[in-house]
Amino acid sequence: LVEYFRAQMRKDPDMASAVAAIRTLLEFLKRDKGETILGLRESLTGATDCLTGVDSSVAVSSGGELFLRFISLTSLEHQDLSRCKKVMEERGELFLEKISMSRTKVAKLCHTFIKDGAKILTHSYSRVVLRVLEKAAAEKKRFSVYVTESQPDSAGRQMAEALRKLNVPVTVVLDAAVGYVVEKVDLVIVGAEGVVESGGIINKIGTYQMAVCSKAHNKPFYVVAESFKFVRLYPLNQQDVPDKFKV
């Protein structure tokens with residue numbers, strides 16, 4: 001199970017971890033030899049827990065949970081195991097197809113927020129933000145981007161390199177320079193690891209200070225995220241976020 005998940009991630013590095021997890025769960029469903037509907041549901045729940053143990057990101061947790069909810073209603077509609085399993089697989093394929101298109105849909109909806117001549121600030125490396133900017137560039141819009149270096153892994157440099165390949169003017173700035181840079185930009189766009197029930201987001205450290213600075217300078221602050229990242233959590237503050245999501 002774990003090896004299949006890792007193989008999916010290696011095969012397509014651009015694939016969202018949640019999509020890889022759902023592909024893995026779907027394959028697990030097809031191979032499962034359980035003899036009861038209850039046993040099948042328990043096996044899928046155990047498989048989801050196993051994947052979240054390998055990848056503790058919010059997306060894997062929320063994506064797996066959504067997948068289980070999406071297919072589990074089948075057990076109420078069909079009492080026969082073989083029929084139930086077949087319908088589960090069909091619904092699983094449909095769910096996978098829908099979420100695989102999510103980034104493209106986000107880009108189509110959000111690139112309109114980027115106007116000609118815009119200066120944009122973003123944080124770290126986000127594949128969804130990159131897809132939005134890629135779509136805007138494809139629409140022949142002229143804009144420039146400031147991207148934070150994003151320590152300790154310097155993921156912002158990876159984002160900058162990807163933008164340069166799109167011929168988008170990009171400047172890498174220190175994380176501590178956000179307060180200085182934000183007054184120069186027209187809008188801020190960030191991604192999210194997860195979206196919680198309070199309306200807040202879980203994302204890489206540094207996102208909160210960027211939001212606070214944006215509010216202080218009255219700059220629009222947009223978060224782009226796929227719907228499978230909506231997680232059933234209601235943290236009251238940053239310290240209330242479960243530790244497993246802070247890794």
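Each residue takes its place number in the sequence, starting with 1.
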With a 6.0 Å cut-off (strictly less than), is the heavy-atom count around [atom1] of [X], excluding the residue itself, greater than 12?
X	atom1	result
Leu109	CG	yes
Glu97	CD	no
Asn218	CG	no

Might you point out which heavy atoms bring [X] and [Y] nearest each other, and give the distance in Å?
X	Y	answer
Gly191	Val129	N-CG2, 3.5 Å
Ile22	Gly63	CD1-O, 3.7 Å
Val58	Gly194	CG1-CA, 3.8 Å
Ala192	Val223	CB-CG1, 3.8 Å
Leu25	Ala47	CD2-CB, 3.7 Å
Ala225	Val128	N-CG1, 4.5 Å

Please test Lys229 against Glu193 for salt bridge (Lys or Arg N to Asp or Glu O under 4.0 Å), starting from the C-alpha separation and ending with a verdict. CA-CA 7 Å; Lys229 290 181 177 177; Glu193 284 290 319; 5.9 Å; no
Taking [Y]'s backbone N and O only, do any of them form a donor-acceptor pair with [X]'s side chain (distance below 3.5 Å, no angle check)?
X	Y	result
His111	Lys108	yes
Arg127	Met15	yes
Thr207	Lys204	yes
Ser126	Val190	no
His123	Ile205	yes
Ser62	Phe228	yes
Lys141	Ala138	no

To the nearest 0.5 Å, what is the distance between [atom1] ([X]) and [atom2] ([Y])?
X	Y	atom1	atom2	value
Ser144	Leu121	OG	CG	11.0 Å
Asp240	Ser198	CG	OG	9.5 Å
Asp32	Glu27	CG	CD	12.0 Å
Leu174	Tyr180	CG	OH	12.0 Å
Lys184	His217	NZ	NE2	12.0 Å
Asp186	Lys115	CG	NZ	11.5 Å

Before giving the answer on salt bridge (Lys or Arg N to Asp or Glu O under 4.0 Å), spell out for Arg10 and Glu3 the whole-Å C-alpha distance, their side-chain angles and the decisive distance to 0.1 Å. CA-CA 10 Å; Arg10 285 195 299 268; Glu3 187 50 43; 2.7 Å; yes
Tell me whether Asp116 is salt-bridged to Arg142, with the criterion being a basic N under 4.0 Å from an acidic carboxylate O. yes
With the threshold set at 4.0 Å, does a side-chain nitrogen-carboxylate oxygen contact exist between Lys165 and Glu134? no
ILVMFWY cluster, [X] and [Y] together (side-chain gap under 4.5 Å):
X	Y	value
Leu187	Leu130	yes
Val185	Val170	no
Ile99	Val106	no
Phe113	Leu163	yes
Ile201	Leu66	no

Audit row: Met210, Thr148, side-chain contact (heavy atoms from CB on, under 4.5 Å) steps and yes/no: CA-CA 10 Å; Met210 191 175 281; Thr148 52; 3.5 Å; yes
After noting the C-alpha distance and the side-chain angles of Arg23 and Asp12, does the key distance pass the salt bridge (Lys or Arg N to Asp or Glu O under 4.0 Å) rule? CA-CA 12 Å; Arg23 282 189 192 279; Asp12 183 5; over 6 Å; no
Would you please test Gln209 and Val178 for side-chain contact (heavy atoms from CB on, under 4.5 Å) and show each step? CA-CA 8 Å; Gln209 69 172 8; Val178 167; 4.2 Å; yes
Can you check side-chain contact (heavy atoms from CB on, under 4.5 Å) on Thr45 and Thr48, steps first, answer last? CA-CA 5 Å; Thr45 303; Thr48 304; 5.6 Å; no
Are side-chain heavy atoms of [X] and [Y] found at a separation under 4.5 Å?
X	Y	value
Phe143	Leu133	yes
Arg103	Val19	no
Leu233	Val241	no

I would like to know whether Arg131 and Lys135 meet side-chain contact (heavy atoms from CB on, under 4.5 Å); could you show each step before the answer? CA-CA 6 Å; Arg131 186 68 65 86; Lys135 178 67 175 173; 5.8 Å; no
Can you check salt bridge (Lys or Arg N to Asp or Glu O under 4.0 Å) on Glu90 and Lys86, steps first, answer last? CA-CA 6 Å; Glu90 289 171 356; Lys86 188 174 186 304; 2.8 Å; yes
